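Data block below; observations after.
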Amino acid sequence: MPTDPAPHNVEFPSAGGTAYGYLALPPAGHGPGVIVIQEWWGLTDHIKDIADRLAREGFVALAPDLYGRTVAHDSAEALRLMNELPTAKGVELLEGAVGHLLSLEETRGDTVGSVGFCMGGGFVLSLAAADQRVSAAVPFYGLNRDGVPDFSHLRAEILGHYGELDESVPPSSLAEVEAAIVEGSGIVPTFHVYAGAGHAFFNDGRPGVYHAEAAELAWTRTLDFLRDRLAPAV
């Protein structure tokens, strides 16, 4: 069960108001920027931990709070909060986060990476489709609530991670997404499907769904991908 929200340590203007988030800096004090996008639970300790892990690997990681300092404690509340956040509004908030991350003196380069999970995985694709400042997009079992985005303005390379046993985002749904990406942008995404893994297999705070082997491999691939795409910014 999700814990209370991770402490917010940063505020920034976004979508015509003030947004909140969690910022993690690397040991060197600077590095390429990565946006970390929450699951439907909100900005939880798990998402904060992912930002910290990215920071330890040399990235400046910003996890924006899409729910405005609210976290869900059960699936019914999570569903309600997710449904109350229109995709367009979420993308607008995330574009503000991208702008803030790029404005920081600690961030190197003029583009960022983005990593997201479940609802956040869907937002990874929607954000990359809308904002050319995103050059590396990593959806974990991304749920696209409003259908496949328009990828005609996409510039980001895409690495996706999906569970073989995921009933929410079944592997059979990936062909449509891949075709839309290729047709819209000419970019060929890389999608990995992990044997024996289900939905939310990366969430080590949920023992019933966490799949250690798949999570470790997906994490290694993600770090290699981000370093390769964002390395010029180091």
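This chain uses plain numbering: 1 for the first residue, then up along the sequence. Quick caveat: nothing in here was measured; it's all calculated off a predicted structure.
Atom CD of Q132 sits in a crowded spot, with more than 12 heavy atoms from other residues, nucleotides or ligands closer than 6.0 Å. Around atom NE2 of H192, more than 12 heavy atoms belonging to other residues, nucleotides or ligands sit under 6.0 Å away. For E183, the CD atom is loosely surrounded, since the number of other residues' heavy atoms within 6.0 Å does not exceed 12.
Between I158 and P139, the closest heavy-atom pair is CG2-CD, 4.1 Å. Residues P171 and G163 come closest through the heavy atom pair CG-O, 3.6 Å. The two residues V148 and A180 make their nearest non-hydrogen contact at CG1-CB, 3.3 Å. Taking both residues in full, the closest heavy atoms of P26 and G31 are given as CG-N, 4.4 Å, listed atom of the first, atom of the second, then distance. Of all non-hydrogen atoms in H199 and S168, the two that sit nearest each other are ND1-CB, 3.9 Å. Across every non-hydrogen atom of A78 and Y67, the tightest pair is O-OH, 4.0 Å.
Within the model, atoms CD of E106 and CG of L25 stand 5.0 Å from one another, a figure rounded to the nearest 0.5 Å. We find the CZ-CG distance between R133 and L101 to be 10.0 Å, quoted to the nearest 0.5 Å. Separating the CE atom in M82 from the CG atom in L143 is a distance of 6.0 Å, to the nearest 0.5 Å. If you take SG on C118 and CD1 on I37, they are separated by 12.5 Å, rounding to the nearest 0.5 Å. Atom CD of E176 sits about 10.5 Å away from atom CD1 of I181, to the nearest 0.5 Å. Summarising the geometry, atom CG belonging to L66 is positioned 4.0 Å from atom CD belonging to Q38; distances are rounded to the nearest 0.5 Å.
At least one donor-acceptor pair closer than 3.5 Å links the side chain of S103 to the backbone N or O of H100. D131 contributes no side-chain N or O that, together with a main-chain N or O of L127, makes up a donor-acceptor pair within less than 3.5 Å. Put simply, the side chain of D166 never gets that close to the backbone of P170: no donor and acceptor are under 3.5 Å apart. Remark: the backbone N or O of V193 is not paired with any side-chain donor or acceptor of E164 at under 3.5 angstrom. The closest donor-acceptor contact from the side chain of E178 to the backbone of L174 lies at 3.5 Å or more, if one exists at all.
For the residue pair D52 / Y22, a side-chain donor-acceptor distance below 3.5 Å is found, with atom types taken as modelled. A donor and an acceptor atom, one from each side chain of H161 and Y194, are located under 3.5 Å apart.
Both F151 and I187 belong to a single network of hydrophobic side chains, linked directly or stepwise wherever heavy atoms of I, L, V, M, F, W or Y lie under 4.5 Å apart. If you chain together hydrophobic residues whose side chains sit under 4.5 Å apart, V124 and L85 fall into the same group. Criterion: ILVMFWY side-chain heavy atoms under 4.5 Å apart, direct or through other members. Under it, V209 and Y162 are not part of a common hydrophobic cluster.
In summary, of the residues considered (V98, I35, V34, L102), a side chain to side chain contact (heavy atoms under 4.5 Å, CB included) with L62 occurs for I35 alone. Of the listed residues (D224, L223, L217), just one forms a side chain to side chain contact (heavy atoms under 4.5 Å, CB included) with R221, and that residue is L217. The only option from W41, Y141, W40 that meets the side chain to side chain contact (heavy atoms under 4.5 Å, CB included) definition with F117 turns out to be Y141.
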Next item on the list: Evaluate side chain to side chain contact (heavy atoms under 4.5 Å, CB included) for H46 paired with R206, printing each intermediate quantity in order.
Entry: CA-CA 10 Å; H46 171 60; R206 300 179 61 196; over 6 Å; no

Notebook entry, point to check: Step by step, would you call H211 with F201 a ring pair (Phe, Tyr, Trp, His ring centres under 6.0 Å)?
Noted result: CA-CA 5 Å; H211 192 294; F201 70 80; 7.2 Å; no

Checklist line | side chain to side chain contact (heavy atoms under 4.5 Å, CB included) evaluation trace for L159 with R229 | finding: CA-CA 11 Å; L159 173 69; R229 299 309 187 275; over 6 Å; no

Notebook entry, point to check: Can M119 and E39 be said to form a side chain to side chain contact (heavy atoms under 4.5 Å, CB included), step by step?
Noted result: CA-CA 5 Å; M119 179 191 82; E39 297 173 302; 5.9 Å; no

Notebook entry, point to check: Hey, mind stepping through H73 and V71 against side chain to side chain contact (heavy atoms under 4.5 Å, CB included) and telling me if it holds?
Noted result: CA-CA 7 Å; H73 292 86; V71 68; 3.5 Å; yes

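A salt bridge is absent between E57 and R53; no separation between the charged side-chain nitrogens and carboxylate oxygens falls under 4.0 Å.
Annotation: side chain of P64 is not in contact with side chain of L93 (no heavy-atom distance under 4.5 Å). Using a 4.5 Å heavy-atom threshold, the side chains of F59 and T107 count as separate. Counting heavy atoms from C-beta outward, L230 and S135 have side chains that approach closer than 4.5 Å. Between K48 and I50, every side-chain heavy-atom pair lies at or beyond the 4.5 Å cut-off. Between L81 and T70 the shortest side-chain heavy-atom distance falls below 4.5 Å. Side chains of V112 and P32 form no contact here, defined as non-hydrogen atoms less than 4.5 Å apart. Residues L23 and L104 form a side-chain contact, since some pair of their non-hydrogen atoms from C-beta on lies under 4.5 Å apart. Residues F202 and W219 form a side-chain contact, since some pair of their non-hydrogen atoms from C-beta on lies under 4.5 Å apart.
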